[in-house]
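Here is the structure we will look at, set down as structure tokens.
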Amino acid sequence: MDKVAPSAYFQNISSPCFLQSILSMSLSHHLRGCSTLMIQNLPVLQLIQQCSTPKLLESALAAMIKMSQCQDCYFMNQFITACTSFNRLDLAVSSMTQMHQPNVFVYNALIKGFVTCSYPIRSLEFYVRMLRDSVSPSSYTYSSLVKASLSASGFGESLQAHICKFGFGFHVQIQTTLIGFYSASGRIKEARKVFDEMPQRDDVTWTTMVSAYRQVLDMNSATSLANQMPERNVATWNCLIDGYMRLGNLEEAESLFNQMPVKDIISWTTMVNGYSHNKRYGEAISVFYKMTEQRIIPDEITMSTVISACAHLGVLEIGKEVHMYTVQNGFVLDVYIGSALVDMYSKCGKLERALLVFFNLPKRNLFCWNAIIEGLAAHGYALEALKMFAKMERELVKPNAVTFVSVLTACTHAGLVEEGRRIYRRMIDDFSIVYNVEHYGCMVALFSKAGLIHEALELIGSMEFEPNAVIWGALLDGCRIHKNLEIAEIAFNKLMVLEPRNSGYYFLLISMYAEEKRWGDVAEVRGRMRELGIEKICPGTSSIEIEKQVHLFAAADKSHSASDEVYLLIDEIYEQMGLPGYVQETENVY
DNA sequence: GTAGGGTTAG
């Protein structure tokens with residue numbers, strides 16, 4: 001192959017500043033007078049390895065060309081690695097394809113680059129090219145390729161055959177990666193087959209297989225495999241704890257946690273996270289405090305989990321303290337902690353603080369935007385939520401289904417029918433987001449509240465799945481507001497099938513009949529309630545934080561007998577409600 | 001170079 005003229009490279013490079021960057025490079029100055037190859041090469045290599053911007057990548061390539069290092073496999077390997085970190089594989093390809101004899105290191109770097117930058121098919125393409133070039137793959141080749149075949153499904157089996165053919169059938173790391181691959185695609189039997197056929201296994205192999213069972217929540221198999229391990233490591237303990245937590249078996253998770261000989265930060269975080277997932281937020285926070293008491297230093301992952309637990313409980317004081325802890329201990333304010341904090345302040349009623357945190361985040365991803373938009377919507381700032389959504393679009397963050405639940409909710413609260421309709425259409429037209437039941441719920445609520453009862457009913461009819469109680473409930477509520485008894489009865493009958501024991505719907509219909517003085521119908525619904533034994537309204541509970549203790553309470557709650565002052569105070573409030581100047585809304589009280 | 005823990009809605 002002929003040597004390529006430098007100008008040919010220049011044409012491949014789009015930047016107009018490219019030539020200038022070569023001319024102005026201090027490199028040429030540096031090189032003047034250098035005689036040995038070693039010294040001459042050093043700066044080029046440094047230039048490649050210390051690339052901190054894509055622009056420098058181009059300078060590095062220019063230097064390589066200038067120093068005729070483009071045929072050197074080591075230089076090319078380093079250059080491709082640098083290209084990978086800036087997602088500039090075009091540069092990598094255009095320079096490596098000019099090589100006369102790229103070796104296995106060059107191919108490996110490129111294959112890994114394509115996998116890292118999410119172009120799995122292209123990594124396979126260069127793997128094929130490598131084989132055609134008679135370059136023998138190494139174990140590194142396959143550790144990248146197995147990941148690629150995960151995204152480009154269907155290549156797993158043929159890749160496994162190649163792994164054997166090229167002599168890596170007994171390579172511990174490669175086989176372990178294969179177990180991980182089969183496990184991630186849910187094919188546990190295949191994973192186990194690889195495991196069973198391995199003549200040698202290491203720690204990681206065992207943990208990967210245990211984790212494969214955990215993935216599908218088969219904790220019996222996970223446990224029995226963990227029991228067969230020569231020596232159970234922390235990762236396996238953690239994996240088991242996490243699995244039992246996901247299964248909702250807190251007792252087993254706790255027992256394992258207490259039994260394990262050595263706990264690390266992941267063990268503690270797994271417990272905090274496990275309690276949180278099981279809605280035991282108070283315990284999640286307790287474990288966190290216990291952890292700090294034992295002088296275990298939490299990390300960013302622990303902190304985001306704890307902050308999220310505080311958000312769910314609405315405990316502002318603890319939340320603030322945890323926030324302070326992250327600041328004082330120099331934790332990176334990443335998107336996880338960021339969105340958890342935004343959500344925590346917003347759920348604790350401190351929208352201003354949520355906004356402050358949000359605008360001070362060094363980086364914002366979809367979760368951060370969703371949290372702040374939801375916060376604004378939940379606090380009734382509909383127009384601001386819409387503005388924030390527009391800002392998100394301008395910053396080119398792609399919204400998802402969650403975003404639209406909040407945005408449409410905002411429209412409902414503010415009665416913005418046309419805006420809601422427009423956004424609802426854009427979900428499909430601009431973002432190709434499939435409507436889920438919540439989106440329909442938002443639209444039905446929007447139409448119903450605005451009195452467009454028939455349109456709401458039409459939308460329900462057009463749904464491709466069965467409407468749930470939330471949808472019919474929203475319609476029923478709209479019927480109450482706009483006094484449409486006819487459609488209210490339709491919604492009520494549907495709700496009687498879906499949630500026959502929810503007393504709220506009965507009371508709602510009764511109050512509508514009562515308003516029309518249809519006493520016969522009132523009596524009939526009452527009779528139905530009696531037949532089914534439905535009497536009380538099931539109260540939802542709320543919680544309040546007093547001196548870092550969380551107290552639950554509900555309507556007509558008599559469980560706080562220890563503190564009689566609470567009930568004395570309630571009595572006083574009732575008394576004041578009877579005083580002149582206070583007007584009770586009794587329209588819908590039957 | 002293969003293993004174990006994270007954020008938003010419902």
Side-chain angles (χ1 to χ4, degrees), chain A residues 108 112 115 138-147 168 171-181 183-184 201-212 214-215 222 226 229 232-243 245-246 260 263-274 276-277 284 298-309 311-312 331 333-344 346-347 354 358 361 363-375 377-378 399-409 436-439 441-442 468 470:
Chain A
N108 283 354
K112 187 179 176 186
V115 175
S138 68
S139 63
Y140 284 76
T141 319
Y142 292 109
S143 63
S144 298
L145 282 176
V146 171
K147 281 184 216 143
F168 299 104
H171 190 287
V172 178
Q173 280 101 322
I174 297 297
Q175 295 300 310
T176 303
T177 312
L178 259 178
I179 295 174
F181 155 72
S183 142
R201 309 179 183 107
D202 66 7
D203 257 37
V204 183
T205 316
W206 283 91
T207 314
T208 308
M209 193 61 228
V210 171
S211 171
R214 179 201 54 160
Q215 207 88 29
M229 268 180 90
R232 195 189 288 184
N233 57 9
V234 198
T236 304
W237 281 100
N238 292 342
C239 187
L240 292 177
I241 294 173
D242 187 66
M245 277 296 195
R246 287 188 203 194
M260 66 194 297
K263 300 174 179 61
D264 66 7
I265 182 165
I266 298 184
S267 324
W268 286 93
T269 308
T270 304
M271 288 304 282
V272 176
N273 190 33
S276 237
H277 272 148
D299 64 9
E300 278 84 359
I301 299 184
T302 323
M303 297 318 283
S304 60
T305 311
V306 178
I307 296 165
S308 162
H312 284 280
F331 286 121
L333 185 50
D334 64 19
V335 288
Y336 292 95
I337 293 184
S339 31
L341 278 175
V342 169
D343 183 52
M344 187 271 289
S346 136
K347 286 216 171 67
F358 177 80
L361 289 179
K363 271 186 186 164
R364 299 178 198 108
N365 72 354
L366 174 66
F367 283 74
C368 308
W369 286 98
N370 283 356
I372 197 67
I373 292 172
E374 167 62 21
N400 69 354
V402 175
T403 322
F404 286 101
V405 174
S406 305
V407 173
L408 292 175
T409 305
N436 67 29
V437 67
E438 262 128 281
H439 301 120
C442 290
N468 63 11
V470 177

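First the proteins, then the strands, lettered A, B, ... as listed; each starts at 1.
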Can you see if the side chain of A:Lys347 gets near the phosphate of B:dA9 - specifically, an N or O under 4.0 Å from OP1 or OP2? yes
Nearest to the A:Ser143 side chain among B:dG1, B:dG5, B:dT7, which nucleotide is it? B:dG1
In terms of side-chain heavy atoms of A:Glu438, which of B:dG5, B:dG10, B:dT7 is nearest? B:dG10
Please classify the nucleic acid contact of A:Ser267 as base, sugar-phosphate, or nothing, using heavy-atom distances under 4.0 Å. nothing
In terms of heavy-atom contacts, A:Asn108 and A:Ser138 come closest through ND2-OG, 3.0 Å
Regarding A:Ile372, tell me which of base, sugar-phosphate or nothing describes its non-hydrogen contacts under 4.0 Å with the strands shown. nothing
When we call it a touch if two heavy atoms are under 4.0 Å apart, what does A:Ile174 touch: a base, just sugar-phosphate, or nothing? base
Which part of the nucleic acid, if any, lies within contact of A:Asp203, taking any heavy atom under 4.0 Å across all strands shown: a base, the sugar-phosphate backbone alone, or nothing? nothing
d(CE, A:Met209; P, B:dG4) in whole Å: 13 Å
Look at the side chain of A:Ser304 against the base of B:dG6 and say whether a donor-acceptor pair falls under 3.5 Å; ignore hydrogens and angles. yes
Using a heavy-atom cut-off of under 4.0 Å over every strand shown, decide if A:Ile265 touches base, sugar-phosphate, or nothing. base
Please answer whether the main-chain N or O of A:Trp237 pairs with a side-chain N or O of A:Arg232 as donor and acceptor at a distance below 3.5 Å. no
Mind checking A:Asp334 for me? I need base, sugar-phosphate or nothing, with any heavy atom below 4.0 Å counting as a touch. base
Rounded to whole Å, CZ of A:Arg232 lies from C1' of B:dG4 at a distance of 13 Å
B:dG5 OP1/OP2 closer than 4.0 Å to side-chain N/O of A:Arg214: yes
A:Met344 atom CE is separated from B:dG6 atom P, nearest whole Å, by 20 Å
From the options B:dG1, B:dT7, B:dG4, select the nucleotide whose nearest atom is closest to the side chain of A:His277. B:dT7
Please work out if A:Gln175 contacts a base, only the sugar-phosphate, or nothing of the nucleic acid, heavy-atom cut-off 4.0 Å. nothing
Touch class at under 4.0 angstrom, heavy-atom based, for A:Val405 against every strand present: nothing
Roughly how many Å is it from CZ in A:Phe331 to C1' in B:dG5, rounded to a whole number? 14 Å
How long is the line joining CG of A:Asp343 and C1' of B:dG6, in whole Å? 14 Å
What I want to check is whether an N or O donor and acceptor connect the side chain of A:Asp264 with the base of B:dG4 at under 3.5 Å. yes
Nucleotide nearest A:Cys239 (side chain, heavy atoms from C-beta), chosen from B:dG6, B:dG4, B:dG1: B:dG4
Within less than 4.0 Å of OP1 or OP2 of B:dT8, is there a side-chain N or O belonging to A:Ser308? yes
Of the candidates B:dT2, B:dT8, B:dG6, the side chain of A:Phe367 sits closest to B:dT8
Is the backbone of A:Val204 close enough, under 3.5 Å, to the side chain of A:Thr208 for a donor and an acceptor to pair up by distance? yes
Side-chain donor/acceptor contact of A:Thr269 with base of B:dG5 under 3.5 Å: yes
For A:His439, is there any backbone N or O sitting under 3.5 Å from a side-chain donor or acceptor partner on A:Asn436? yes
Do A:Ser339 and B:dT7 share a donor-acceptor pair, side chain to base, under 3.5 Å? yes
Any donor-acceptor pair under 3.5 Å linking the side-chain atoms of A:Asn273 with those of A:Thr270? no
Give a yes/no answer on whether the side chain of A:Asn370 brings an N or O atom under 4.0 Å of OP1 or OP2 in B:dA9. no
Looking at B:dG5, B:dG1, B:dT7, which one has an atom nearest to any side-chain atom of A:Tyr336? B:dT7
How is A:Ser144 classified with respect to the nucleic acid when contacts are heavy atoms under 4.0 Å: base, sugar-phosphate, or nothing? nothing
At 4.0 Å (heavy atoms only), tell me whether A:Val234 reaches a base, stays on the sugar-phosphate, or touches nothing. base
For a quick test of reading the model: is some side-chain N or O of A:His312 closer than 4.0 Å to OP1 or OP2 of B:dT7? no
Residue pair A:Asn370, A:Asn400: steps toward the side chain to side chain donor-acceptor pair (under 3.5 Å) verdict: CA-CA 9 Å; A:Asn370 283 356; A:Asn400 69 354; 3.2 Å; yes
Roughly how many Å is it from CG in A:Asn273 to P in B:dT8, rounded to a whole number? 10 Å
Is any side-chain N or O of A:Asp299 under 3.5 Å from a base N or O of B:dG5, one able to act as donor and the other as acceptor? yes
Of all the choices, B:dT7, B:dG5, B:dT2, which nucleotide is nearest to the side chain of A:Ile301 once you look at every atom? B:dG5
Please tell me if the side chains of A:Val402 and A:Leu366 come closer than 4.5 Å, counting only heavy atoms from C-beta onward. no
Within the pair A:Arg246 and B:dG5, is there a side-chain N or O less than 4.0 Å away from OP1 or OP2? yes
Which nucleotide in B:dG4, B:dT8, B:dG1 has an atom nearest any side-chain atom of A:Tyr140: B:dG1
How many whole angstroms separate atom CD of A:Glu374 from atom P of B:dT7? 16 Å
Are A:Lys147 and B:dG1 close enough that a side-chain N or O sits under 4.0 Å from OP1 or OP2? no
Would you please test A:Met260 and A:Asn238 for side-chain contact (heavy atoms from CB on, under 4.5 Å) and show each step? CA-CA 9 Å; A:Met260 66 194 297; A:Asn238 292 342; 3.5 Å; yes
Can you tell me the distance, in whole Å, between the CE atom of A:Met245 and the C1' atom of B:dG4? 15 Å
